[in-house]
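All values below come from the heavy atoms of this structure, side chains included, with hydrogens, waters and symmetry mates left out.
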Amino acid sequence: MNRYFLLIFFPIALIAQTATPPSSGDGSSDDPYQIDTLNNLYWITQNSSEWSAHYIQTSDIDASSSRNWDSNSGFTPIGNSGTRFTGSYDGDGHIIDSLFINRSTNSRIGLFGRIGVDSNSTTTIQNLGLTNVSVTGLSFVGALVGLKQNGTLTVSNCHVSGSVTGTGDIVGGLVGYLRYQSNVVNCYSTCSVTGTGNILGGLGGYLRDQSNVVNCYSTGSLNGNTNVGGLVGFLNASSVSNSFWDEQTSGESSSDGGQGLSTAEMMDAYTFCFA
């Protein structure tokens, strides 16, 4: 009996993440690295020297095994306080499913933890879906982007679902904290968002200094303390246009930007026929 137990279960315990370089592309804008598997995605996290490169995702990725990585802390964000992500990532219409991050004592948490190094850096993230995420961090937490502080960032045609939790300040479903010339366009979040600190939003936590939200919406439930917004928690010298949140599913009747609607209004296609 014991021998069969070892044959069946012991090899499973040995399964771990493997950093596999992309089989195609050189990381340039003309020939981006092609990300086809979870091991390719893990390769990015382990090679910070490539965080200024360009990437395109070529298939859907099942990231459910990330739950068991790094002593159950899960996926390591791309971009941190030492080296920030300044490249581009094009999901090409694909998804990353069941991404897991459990780092409640660390800030700048998301698929992309920290973005932007100086005023000249230009970063784009587009055409990507994160489904069934479970993302937990301290402060500056978002499913897609935790913190962007310098340079220019454009996030377009992206969506997220699942849950996002912050044990500190500034938490958003899609993005946590965006500063200086950041644009979020044609994106949505259905994530439930929970925070025990200050500033929490269904789509974005804190947006400031010419950070703009255009043609976006959020529908996820919210549970926070102060500066809780159905769409955006706190807005400073920035703008929101043609963007909405569901007051019923979020449980919030206010937002620092955007228009609150009923679930029925959110489901009416006419609502999103922008002028």
Side-chain angles (χ1 to χ4, degrees), residues 41 44-45 48 51-52 55 57 63 74-81 83-91 95-96 99 101 103 106-117 121-131 133-166 168-191 193 195 199-214 216 218 220 231-235 238 240:
L41 196 64
I44 303 176
T45 74
S48 59
W51 288 354
S52 61
Y55 300 88
Q57 190 170 318
F75 188 85
T76 302
I78 301 167
N80 54 44
S81 58
T83 306
R84 307 171 195 181
F85 183 75
T86 58
S88 70
Y89 194 98
D90 184 353
I95 66 168
I96 299 171
L99 183 74
I101 304 175
R103 299 177 183 274
N106 298 113
S107 296
R108 300 174 294 274
I109 296 298
L111 174 64
F112 297 92
R114 190 170 189 177
I115 288 174
V117 64
S121 61
T122 300
T123 302
T124 60
I125 303 170
Q126 61 185 349
N127 308 321
L128 177 64
L130 302 181
T131 55
V133 301
S134 177
V135 173
T136 300
L138 180 60
S139 298
F140 311 117
V141 183
L144 186 66
V145 176
L147 170 66
K148 181 269 175 181
Q149 196 161 11
N150 299 301
T152 300
L153 169 67
T154 299
V155 176
S156 62
N157 302 318
C158 293
H159 61 91
V160 294
S161 69
S163 65
V164 177
T165 301
D169 298 325
I170 309 181
V171 186
L174 182 78
V175 297
Y177 179 96
L178 301 184
R179 187 178 188 184
Y180 297 131
Q181 299 180 355
S182 299
N183 298 291
V184 181
V185 183
N186 299 332
C187 295
Y188 68 88
S189 170
T190 63
C191 283
V193 184
I199 307 180
L200 181 145
L203 184 84
Y206 188 177
L207 282 73
R208 62 179 297 184
D209 303 326
Q210 302 178 47
S211 294
N212 306 302
V213 175
V214 182
C216 295
S218 62
L231 187 74
V232 177
F234 198 83
L235 200 66
S238 298
V240 175

message = Hydrogens and angles aside, do Y89 and Q57 bring a side-chain donor and acceptor to less than 3.5 Å of each other?
response =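 Per modelled atom types, Y89 and Q57 side chains form a pair under 3.5 Å.
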ask   = Would you say the side-chain atoms of S139 and R108 include a donor-acceptor pair closer than 3.5 Å?
value =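 No, because no side-chain N or O of S139 sits under 3.5 Å from a partner of the opposite role on R108.
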Side chains of [X] and [Y] in contact at under 4.5 Å (non-hydrogen atoms):
X	Y	result
N106	L138	no
F75	L111	yes
R84	N150	yes
V155	N183	no

From CA spacing to verdict: side-chain hydrogen bond (donor to acceptor under 3.5 Å, both in side chains), T76, R103 = CA-CA 9 Å; T76 302; R103 299 177 183 274; 3.3 Å; yes
How long is the straight-line distance from [atom2] of [Y] back to [atom1] of [X], given to the nearest 0.5 Å?
X	Y	atom1	atom2	result
Q210	Q181	CD	CD	5.5 Å
D209	L178	CG	CG	11.0 Å
D169	I199	CG	CD1	6.5 Å
S218	L231	OG	CG	4.5 Å
F234	L207	CZ	CG	11.5 Å
S161	L130	OG	CG	8.5 Å

Which atom pair, heavy atoms only, marks the closest approach of [X] to [Y]?
X	Y	answer
L200	G195	CD1-N, 3.0 Å
S238	S211	CB-O, 2.7 Å
C191	S163	SG-N, 4.3 Å

message = Looking at K148 and R179, would you say the former's side chain and the latter's main chain have a donor-acceptor pair under 3.5 Å?
response =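 Yes: the side chain of K148 pairs with the backbone of R179.
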query = Got a donor-acceptor contact below 3.5 angstrom from the W51 side chain to the I115 backbone?
reply =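 Not a single qualifying donor-acceptor pair exists.
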inquiry  = Walk me through whether L174 and H159 qualify under side-chain contact (heavy atoms from CB on, under 4.5 Å).
reply    = CA-CA 7 Å; L174 182 78; H159 61 91; over 6 Å; no
ask   = Which of these, V145, V175, N157, V184, sits in a side chain to side chain contact (heavy atoms under 4.5 Å, CB included) with I125?
value =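 Exactly one candidate clears the test, V145.
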message = If we check side chain to side chain contact (heavy atoms under 4.5 Å, CB included) with V135, which of these qualifies: V141, V193, T165?
response =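 One option only clears the test, and that one is V141.
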request  = Before giving the answer on side-chain contact (heavy atoms from CB on, under 4.5 Å), spell out for T83 and V117 the whole-Å C-alpha distance, their side-chain angles and the decisive distance to 0.1 Å.
outcome  = CA-CA 8 Å; T83 306; V117 64; over 6 Å; no
